[in-house]
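Heavy atoms only: backbone and side chains are in, while hydrogens, waters and symmetry mates are out. Throughout, residue positions are numbered sequentially from 1 according to the sequence presented.
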Amino acid sequence: LGFSVMWRWEPESDEQFWEEIGRKATPEFRAALDYVGLQVYPGLVWPPAPLPGRSAGEETVEALTLLRECYMPKAGLGREGDLWVSENGYATNLGRTEAQQVVDLKSTVEGVHRWSGTLGVTDYRYFNLRDNRSNGTDLFDAVGLLRDDYSEKPAFATYRQLVHKLGAP
């Protein structure tokens, strides 16, 4: 049993959200909670553009660290619950390239893997397998590893290699 949160969808409300859980959560809720999922889209949602000198992987690890070390304690949630990256992806439209998607995906998966033991991250899920509309103008239209015609983007092979190298059976 778990729940997911969108990282910094509304940055000013993050602290309030976790403090409210801390006020309202019962001991039974806390005992039943197996994981907290993080939906994180560096360069797409927050931060809305890549920050100079920072990789997407560094942004993702920072989000996981703040979730684990700052926000979850505000809710009275201990370290026994797992963290999941329940959604993560990188767009290839609106001026974003397929080459950058590869770089961002690789730095993220490697960063999450490197820090997974320290932060208690047990799951990583990429969003989305296939673009909704490869040439669309919505933020999430072209986040897939496949184009809308099912042809592979370069990130598809990169993700496959990372799963083979770092994934658990």
Side-chain angles (χ1 to χ4, degrees), residues 1-11 13-14 17 33-68 71 81-169:
L1 176 67
F3 66 91
S4 290
V5 296
M6 180 68 182
W7 182 248
R8 300 252 166 112
W9 184 253
E10 295 180 9
S13 67
D14 289 351
F17 172 79
L33 191 65
D34 295 313
Y35 74 90
V36 173
L38 182 67
Q39 301 168 359
V40 59
Y41 294 90
L44 192 61
V45 177
W46 189 267
L51 297 175
R54 303 258 313 165
S55 71
E58 289 169 324
E59 293 294 337
T60 301
V61 169
E62 180 178 284
L64 288 164
T65 301
L66 287 170
L67 181 59
R68 173 65 80 192
Y71 291 127
D82 295 334
L83 283 184
W84 291 8
V85 177
S86 54
E87 281 189 28
N88 173 247
Y90 299 99
T92 58
N93 63 345
L94 305 173
R96 296 171 178 95
T97 67
E98 290 183 0
Q100 191 60 48
Q101 183 185 43
V102 169
V103 170
D104 292 342
L105 174 63
K106 189 172 188 312
S107 74
T108 298
V109 172
E110 289 174 344
V112 169
H113 182 285
R114 182 171 31 261
W115 289 95
S116 62
T118 301
L119 296 172
V121 180
T122 61
D123 290 69
Y124 172 85
R125 289 169 169 76
Y126 188 86
F127 176 89
N128 196 4
L129 178 61
R130 183 184 64 85
D131 289 347
N132 296 326
R133 293 182 313 148
S134 295
N135 294 318
T137 58
D138 184 78
L139 284 179
F140 293 98
D141 272 345
V143 179
L145 299 174
L146 303 173
R147 295 176 195 91
D148 57 11
D149 66 359
Y150 291 93
S151 61
E152 295 178 11
K153 295 180 186 178
F156 183 85
T158 299
Y159 189 58
R160 179 183 292 176
Q161 291 165 356
L162 289 165
V163 168
H164 179 69
K165 176 182 172 186
L166 305 173

Can you check whether Tyr90 reaches Pro42 side chain to side chain, under 4.5 Å on heavy atoms? yes
For residues 92-117, which residue pairs qualify under ring-ring contact (aromatic ring centres under 6.0 Å, His included), counting only residues two or more places apart or in two chains? none
For Val103, the side-chain contact (heavy atoms from CB on, under 4.5 Å) test, sequence neighbours excluded, returns Gln100
When you look at Asn128 and Tyr126, which way does the side chain to side chain donor-acceptor pair (under 3.5 Å) test go after all the steps? CA-CA 6 Å; Asn128 196 4; Tyr126 188 86; over 6 Å; no
Under the rule for side chain to side chain donor-acceptor pair (under 3.5 Å), what residues qualify as partners of Asp123, not counting sequence neighbours? Trp84, Arg125
Partners meeting salt bridge (charged side-chain N to carboxylate O under 4.0 Å, His left out) with Arg147 (sequence neighbours left out): Glu98
Can you list everything that forms a side chain to side chain donor-acceptor pair (under 3.5 Å) with Arg133? Sequence neighbours excluded, please. Asp141
Which salt bridge (charged side-chain N to carboxylate O under 4.0 Å, His left out) pairs, counting each pair once, include a residue from residues 110-122, with sequence neighbours left out? Lys106-Glu110
List the residues meeting side chain to side chain donor-acceptor pair (under 3.5 Å) with Glu152, not counting sequence neighbours, and say none if there are none. none
With sequence neighbours excluded, residues passing side chain to side chain donor-acceptor pair (under 3.5 Å) with Arg160: none
Test item: Glu59 and Thr108 side chains (from C-beta on) under 4.5 Å apart, heavy atoms: no
Answer yes or no: does atom CG of Asp34 have more than 12 heavy-atom neighbours from other residues, nucleotides or ligands under 6.0 Å? yes
Quick one: side-chain contact (heavy atoms from CB on, under 4.5 Å) partners of Phe127, sequence neighbours excluded? Tyr41, Glu87, Phe140, Val143
Does some side-chain heavy atom of Asp148 sit less than 4.5 Å from a side-chain heavy atom of Arg130? yes
My understanding is that only residues two or more places apart in sequence, or in another chain, count here; which of them pass ring-ring contact (aromatic ring centres under 6.0 Å, His included) with Tyr150? none
